[in-house]
Amino acid sequence: MKCSGIDALTGEAVEITAEGGAITAVEPLLAPPRGLRWLAPGFIDLQVNGFAGADYCSPETPAEAIGRSLEAQFAAGVTRIFATVITGPPEEMLAAMANLARARRELPFGRAIEGIHVEGPFLSPQDGPRGAHPREHVRPPDLEEFRRWQQASEGLVRMVTLSPEWPEAPAFIEAITSEGVVAAIGHLEATAEQIEAAVRAGARLATHLGNGAHAMLPRHPNYLWQQLAEDRLAASFIVDGIHLDAAFLRVALRAKGVERSVLITDAVAPAGCGPGVYRLGGQEVELHPEGRVTLRGTERLAGSALRMDRGVENLMRLAGLTLAEALTMAARNPARIGRVEHRLRGLQPGERADIVEFDYDAAAKSIRVTRTWLEGKLVYEG
Ligand SMILES: [Zn+2]
């Protein structure tokens, strides 16, 4: 496979050659033709609960539906996801993970499911921080349950989001971190000391910072400042223009720096579909015409209908980032923070040939994905 374009992270016009799933050569184009398109490493979404009608939290979602959801994400420039399973009854969470592992094995491009992110069930039981996670299934961290997840998912669990407010949290974080699984904190009502203890135990990411929180907080101290101030914590952000207002986003990005910030969608099944009612595990969610997704019959946000290419645009428009900075948050940082091998160095020889090609309109701050390759294989052309 060969492609040429402007590497959006370096600004250089290049020709890329890939073989056997990996980039083998990147040559500078000495006389770049006019109208070259742009190239970037394929986007990595560390938190996606479903897409294009497929619900990753349901054990019954057929592999074909998961396959279609992956194809819909390829069209948004995504090449790797951490399929996300949220709080539910233990046996249902296990069955959902087994279902995802089976789909990964059976689908032709199943390898796009890089791993599983378990968000919950070890979260805050409080209204507000708990968000859309069902209270009756929230429980304290349990390493035995984590082991059952790994067994059911064939070792696919690569990230766990939990709240540091549980006394069991530091020991749990230390144990999973020592096995190479990323510990993230979120949906929390934790003190400064509890957050500090979680970070000392190995937690490295604040999940969708600014969401999964109380509507009202004491101005200071509070757990948002604490996570913003903690330099050892990276942070993920849902940049759909709904979950976070532009001022918070800008300030949070300055506090973390682009290098410690990750774009996620936190998308749910209705993403990429029309307004209506959909499943999220054992609950019903509703996609409204203006793009909000709520637990049905409530005003509580329950994930998003965001796609990664729109998230990249929103980072440029709402937060004033450059194209290269926005792409760094969509491709390189999630690789580093999610420990995705052979995806850390950008478009370089030896890296996986996960590549997205797109048109870029600098004035409109918009991108349009034209082709996507997964391990050198064309998986989207539009
Ligand atoms: Zn969440």
Side-chain angles (χ1 to χ4, degrees), residues 45-51 55-58 81-88 93 96-97 115-139 141 157-166 169 182-190 195 198 203-215 223-224 227 233-240 242-244 248-249 252 261-271 278-287 292-296 298-306 308 311 334 337-338:
D45 191 348
L46 294 181
Q47 190 165 350
V48 49
N49 312 273
F51 208 88
D55 176 17
Y56 301 153
C57 294
S58 163
I81 63 166
F82 278 17
T84 302
V85 174
I86 70 159
T87 305
M93 291 178 68
M97 292 180 216
I116 291 175
H117 174 177
V118 185
E119 194 200 31
F122 315 138
L123 306 176
S124 174
Q126 305 297 323
D127 284 348
R130 188 165 46 78
H133 293 253
R135 181 181 202 135
E136 65 269 33
H137 300 304
V138 169
R139 43 197 185 266
V157 175
R158 299 268 297 275
M159 181 177 281
V160 177
T161 294
L162 72 159
S163 168
E165 71 201 68
W166 295 99
V182 180
I185 62 172
H187 290 279
L188 53 87
E189 187 184 32
I195 292 171
R204 285 296 172 265
L205 177 69
T207 288
H208 55 51
L209 190 56
N211 296 112
H214 292 91
Y223 51 74
L224 291 181
Q227 293 175 89
L233 276 181
S236 62
F237 299 97
I238 309 168
V239 189
D240 60 354
I242 295 167
H243 277 75
L244 299 171
F248 178 85
L249 181 65
S261 301
V262 176
L263 171 68
I264 53 167
T265 64
D266 199 13
V268 289
Y278 298 81
R279 305 293 306 177
L280 172 60
Q283 309 181 93
E284 282 186 327
V285 295
E286 186 168 2
L287 171 59
R292 259 179 335 124
V293 183
T294 55
L295 269 187
R296 195 179 183 193
T298 76
E299 284 302 301
R300 203 174 285 177
L301 290 177
S304 84
L306 181 63
M308 285 291 274
I337 286 147

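This chain uses plain numbering: 1 for the first residue, then up along the sequence. Order of appearance sets the numbers: ligands from 1, and atoms from 1 within every ligand. The basis for the numbers below is simple: all heavy atoms, side chains too, and nothing from hydrogens, waters or symmetry mates.
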**Fill in**
To the nearest 0.5 Å, atom CD1 of I238 lies from atom CD1 of I264 at 5.0 Å
**Prompt:** H187: which N/O/S atom is nearest the Zn ion (ligand 1)?
**Reply:** NE2
**Message:** Take a 6.0 Å sphere around CD of E299 and say whether it holds more than 12 heavy atoms from other residues, nucleotides or ligands.
**Reply:** no
**Message:** Quick check: H187 with H133 (ring centres under 6.0 Å apart)?
**Reply:** yes
**Request:** Please confirm if an N, O or S atom belonging to E119, backbone or side chain, lies less than 2.8 Å from the Zn ion (ligand 1).
**Result:** yes
**Message:** Can you tell me if, anywhere in H133, an N/O/S atom lies at a distance from the Zn ion (ligand 1) that is smaller than 2.8 Å?
**Reply:** no
**No-hydrogen, no-angle side-chain donor-acceptor test under 3.5 Å, E165 and S163** = yes
